[in-house]
Amino acid sequence: MADLKNKIYRKLPDISAKTLHILAMFFMLSDHMWATIIPGQNWLTCVGRLAYPIFAFLAVEGYFHTHNFKKYMLRLLLFAVISEIPFNLMYGASVIYPYHQNVLWTFLIALGGIWGIEQVKQRVKKWFVIPLILLIVLVCAGLGTIGMTDYYGAGVLMVFLFYVFHGRAWWCFVGQVIAMYWVNVHLLGSMYYPITLFGKEFSFVQQGLALFALVPIWLYRGRQGGHSKIFQYFCYAFYPVHILILYLLTYIV
């Protein structure tokens, strides 16, 4: 059975972390182009649904592979602050827009919660572990919702699901599918698209397209793919820079 599994893996593409970052940035760019300079092309935001799950998965990978969690969080915090004005301009057409915060705050809350869960698992007596973990999850989801970070509490939960189902065991794959469906269709599913198949009309939840992000995620098997400091900071900078450029282009296009 193990030999068969290895043969199947060898035949599938092996996507690196670098490729996942590039794919996620492309999907995010598509979504933000729809939100700014090409508002009529709904297929762009459909493609964009795949961005956040990949970023959420990569955030958890970063947690498990970072050599210095404090520096990892400080980098996120720095770029969350830098990204706030470009995000406000794009989302609310104002330098100050307190009603929605950029996605890096969502990741900061979720990763802080994961760190807290790890501390509880290591330091707390076992009969208090599960109640405290549930409390941390609820508090973090609440912070995401009350703080109006991008994707709200559901976005925080999406990061948690990749933490809980971290690995390549069959139950991790099944758990990711079920949890992704719950978060994206039931918690975030508000926009429906009608389609006609074989003469019958159906509708699908736009946010449900996020489940297709699991395909490249599953094709990742831990390879970094030439990850460097330059590329790392390019990925951080891409978020505020491309948002600002798209915002400025709205006055030209």
Side-chain angles (χ1 to χ4, degrees), residues 8-38 41-66 72 75-76 79 83 86-87 90 102-104 106-107 110-111 150-151 154-155 158-163 165-168 172-173 176-177 179-181 183-185 188 204-246:
I8 293 172
Y9 277 159
R10 283 196 294 268
K11 290 182 179 180
L12 293 173
D14 179 12
I15 291 181
S16 67
K18 184 175 183 178
T19 302
L20 277 180
H21 275 98
I22 293 170
L23 284 173
M25 287 188 289
F26 169 76
F27 295 144
M28 179 173 62
L29 176 62
S30 298
D31 189 37
H32 291 165
M33 286 174 66
W34 167 83
T36 52
I37 61 175
I38 318 177
Q41 300 296 320
N42 287 334
W43 67 270
L44 284 170
T45 190
C46 289
V47 170
R49 298 308 90 207
L50 279 68
Y52 185 79
I54 297 176
F55 280 125
F57 172 80
L58 288 169
V60 175
E61 282 293 298
Y63 174 84
F64 281 112
H65 291 99
T66 185
Y72 181 35
R75 281 196 301 270
L76 275 175
F79 281 94
S83 302
F87 184 84
M90 181 183 74
N102 73 74
V103 76
L104 296 181
T106 312
F107 292 141
L111 291 171
D150 210 12
Y151 287 93
M158 208 182 307
V159 179
F160 279 133
L161 80 85
F162 285 113
Y163 166 72
F165 300 110
H166 183 262
R168 300 194 61 81
C172 290
F173 294 147
Q176 287 174 9
V177 172
M180 280 280 287
Y181 182 87
V183 170
N184 288 281
V185 176
L188 292 171
F204 71 93
V205 180
Q206 183 200 65
Q207 187 60 37
L209 294 170
L211 272 77
F212 286 103
L214 290 173
V215 175
I217 287 171
W218 290 346
L219 293 175
Y220 165 78
R221 297 197 281 278
R223 184 168 60 88
Q224 287 298 300
H227 200 68
S228 64
K229 284 289 182 183
I230 294 174
F231 182 74
Q232 181 186 52
Y233 280 96
F234 169 79
C235 292
Y236 281 112
F238 180 82
Y239 184 59
V241 170
H242 92 276
I243 289 176
L244 184 59
I245 290 172
L246 288 175

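Owing to the predicted nature of the structure, the values given are computational and were not obtained by experimental measurement. Each residue takes its place number in the sequence, starting with 1.
- Within the model, atoms CZ of Phe238 and CD1 of Ile22 stand 10.5 Å from one another, a figure rounded to the nearest 0.5 Å.
- To the nearest 0.5 Å, atoms NE2 (His21) and CD1 (Ile15) are separated by 13.5 Å.
- Taking all atoms of both residues into account, the shortest heavy-atom contact from Arg223 to Asp14 is NH2-O, 2.6 Å.
- Exactly one residue among His32, Met33, Met25 makes a side-chain contact (heavy atoms from CB on, under 4.5 Å) with Leu29. That residue is Met33.
- Rounding to the nearest 0.5 Å gives a distance of 11.0 Å between CZ of Phe234 and OG of Ser228.
- In terms of heavy-atom proximity, Leu209 sits nearest to Leu50 at O-CD1, 3.5 Å.
- Across all their heavy atoms, Ile37 and Leu246 have their closest contact at CG2-O, 3.7 Å.
- By the 4.5 Å heavy-atom criterion applied to side chains, Met158 and Met180 are counted as neighbours.
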Practice item. For the pair Val47 and Asp31, evaluate side-chain contact (heavy atoms from CB on, under 4.5 Å) and give the outcome as yes or no after the intermediate values. Key: CA-CA 7 Å; Val47 170; Asp31 189 37; over 6 Å; no
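- Heavy atoms only, all atoms of each residue included: Asn184 and Ala210 are closest at OD1-CB, 3.4 Å.
- Here CZ of Phe231 is found 5.5 Å from NZ of Lys18. Values are rounded to the nearest 0.5 Å.
- Heavy-atom contacts from other residues, nucleotides or ligands closer than 6.0 Å to CZ of Phe212 number 12 or fewer.
- When every heavy atom of Ser83 is checked against every heavy atom of Pro86, the shortest pair comes out as O-CD, 3.3 Å.
- For the pair Cys46/Gln206, a side-chain contact is recorded, criterion being any heavy-atom separation below 4.5 Å from C-beta on.
- In this view, Ala35 satisfies the side-chain contact (heavy atoms from CB on, under 4.5 Å) rule with no residue, not counting sequence neighbours.
- Note: Ile243 CD1 to Tyr239 OH = 4.0 Å, rounded to the nearest 0.5 Å.
- Taking the six-membered ring where tryptophan is involved, the planes of Tyr151 and Tyr52 are essentially parallel, since the angle between them stays under 30° and well short of 60°.
- For the pair Leu104/Phe107, a side-chain contact is recorded, criterion being any heavy-atom separation below 4.5 Å from C-beta on.
- Here the CG-CZ distance, from Leu44 to Arg49, works out to 11.0 Å after rounding to the nearest 0.5 Å.
- Tyr233 meets the ring pair (Phe, Tyr, Trp, His ring centres under 6.0 Å) test with no other residue; sequence neighbours excluded.
- Here the closest heavy-atom approach between residue Ala56 and residue Val159 is recorded as CB-CG2, 3.9 Å.
- Contact check for Leu20 versus Glu61: no side-chain heavy atoms found under the 4.5 Å cut-off.
- Sparse packing is recorded around OH of Tyr181, with 12 or fewer heavy atoms of other residues, nucleotides or ligands lying under 6.0 Å away.
- Although no hydrogens or angles enter the test, the distance criterion places no donor-acceptor pair under 3.5 Å between the side chain of Tyr163 and the main chain of Leu111.
- Qualifying ring pair (Phe, Tyr, Trp, His ring centres under 6.0 Å) partners for Phe57, counting only residues two or more places apart in sequence or in other chains: Phe162, Tyr220.
- At least one side-chain heavy atom of Ile217 sits under 4.5 Å from a side-chain heavy atom of Ile54.
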